[in-house]
Every structure is written in structure tokens, then in C-alpha cells.
Amino acid sequence: MIKHSGQLDRRITFKKQSTSVDSFGQDVGDFTTAFSRWAKVVEKSGTEDEEGNQIVAVKRVEFFIRYDSEIQETWRIEYDSKTYMIEAILNSDSRDAFMRIVTRYSD
């Protein structure tokens, strides 16, 4: 939870999916920078999950930012040289002043 905007002390970057065409005329999906925001970062838990035939370390992190209706759950967040997959976007308060973004990082 955010008590005051001074808690937004980490810079994060939002990436959205874009499509381009390679030299063979094939569509190539990639993520491009949409914008950066100040955020509060809260590490929630770390576990191990099975993905395919491998056991991977999974870390759950919540990012709190000022409300922005443009952000979508298909986007990604880059923070501290790591890419986090957005799992849910929730209102942090009833006034839509801040939002909580629940993410997952797989090592």
C-alpha cells in the first residue's frame, strides 16, 4: 500500500509487444519500450515451479505506481536488469490514485 508519493523511489520501464517484419518478410514479435515510471517495489515470495521439463526459480514482485489506464496485462516490466511478466493489475485504493501490478520473474 502507498501512504505517500515519496515511496515511489524506483524507476521501472514498461515494455509493450510490437510486431515488425524481418528481411524474409516474416512477422517478428518483440517488446519495445512504452515509457518509464517511478514505483514502489515490494518483493512478495520466491518458489520453484515446473516449466516444461525444468524446475525454475520464480519470484513474485508487486510494483505500485500512480494510476495509468494505458498499461495492459500483456505488457512487461523491466527493473534492475530483469524482465517481469505482468499477472494482474489492481487498484491500490478506491480513488484510482495508485495501482498495484502483480508480476512474476522466472530465473
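Because the structure is a prediction, the values reported are computed rather than measured.
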Colleague: Taking it one step at a time, do Ile77 and Tyr105 satisfy side-chain contact (heavy atoms from CB on, under 4.5 Å)?
Modeller: CA-CA 10 Å; Ile77 293 176; Tyr105 171 75; over 6 Å; no
Colleague: Measure from the side-chain N and O atoms of Asp80 to the backbone N and O of Lys82, and report whether any donor-acceptor pair falls under 3.5 Å.
Modeller: no
Colleague: Do Arg10 and Trp38 form a cation-pi contact, if we require the NZ or CZ to be under 6.0 Å from the six-membered ring centre and within 45 degrees of the ring's axis?
Modeller: no
Colleague: Answer yes or no: are there more than 12 heavy-atom neighbours, outside Lys15 itself, under 6.0 Å from its atom NZ?
Modeller: yes
Colleague: Which is it for Phe98 and Phe64 under the side-chain contact (heavy atoms from CB on, under 4.5 Å) test, yes or no, and what are the steps along the way?
Modeller: CA-CA 7 Å; Phe98 296 99; Phe64 292 84; 5.6 Å; no
Colleague: Determine, stepwise, if the pair Tyr79 / Thr103 fulfils side-chain contact (heavy atoms from CB on, under 4.5 Å).
Modeller: CA-CA 11 Å; Tyr79 168 69; Thr103 66; over 6 Å; no
Colleague: What distance separates Tyr84 OH from Glu62 CD, expressed to the nearest 0.5 Å?
Modeller: 12.5 Å
Colleague: To the nearest 0.5 Å, tell me how far Ile65 CD1 sits from Ile71 CD1.
Modeller: 3.5 Å
Colleague: First locate atom CH2 of Trp75, then atom CD1 of Ile101, and finally report the distance between them rounded to the nearest 0.5 Å.
Modeller: 9.5 Å
Colleague: Once rounded to the nearest 0.5 Å, what's the spacing between atom CD of Glu43 and atom NZ of Lys59?
Modeller: 4.0 Å
Colleague: To which residues is Met85 joined in a hydrophobic cluster, defined by side-chain heavy-atom contacts under 4.5 Å among Ile, Leu, Val, Met, Phe, Trp and Tyr, whether direct or through other members?
Modeller: none
Colleague: Hey, could you give me the CZ/CZ distance between Arg37 and Phe63, rounded to the nearest 0.5 Å?
Modeller: 14.5 Å
Colleague: Starting at CD1 of Ile89, measure out to CE of Met99 and round the result to the nearest 0.5 Å.
Modeller: 5.0 Å
Colleague: Identify whether Phe14 and Val42 are in the same connected component of the hydrophobic contact network (ILVMFWY, side-chain heavy atoms under 4.5 Å).
Modeller: no
Colleague: Give the minimum heavy-atom separation between Ala88 and Glu73, together with the two atoms involved.
Modeller: CA-OE2, 3.4 Å
Colleague: Kindly write out the residues that satisfy side chain to side chain contact (heavy atoms under 4.5 Å, CB included) with Gln17, not counting sequence neighbours, or none if the list is empty.
Modeller: Phe31
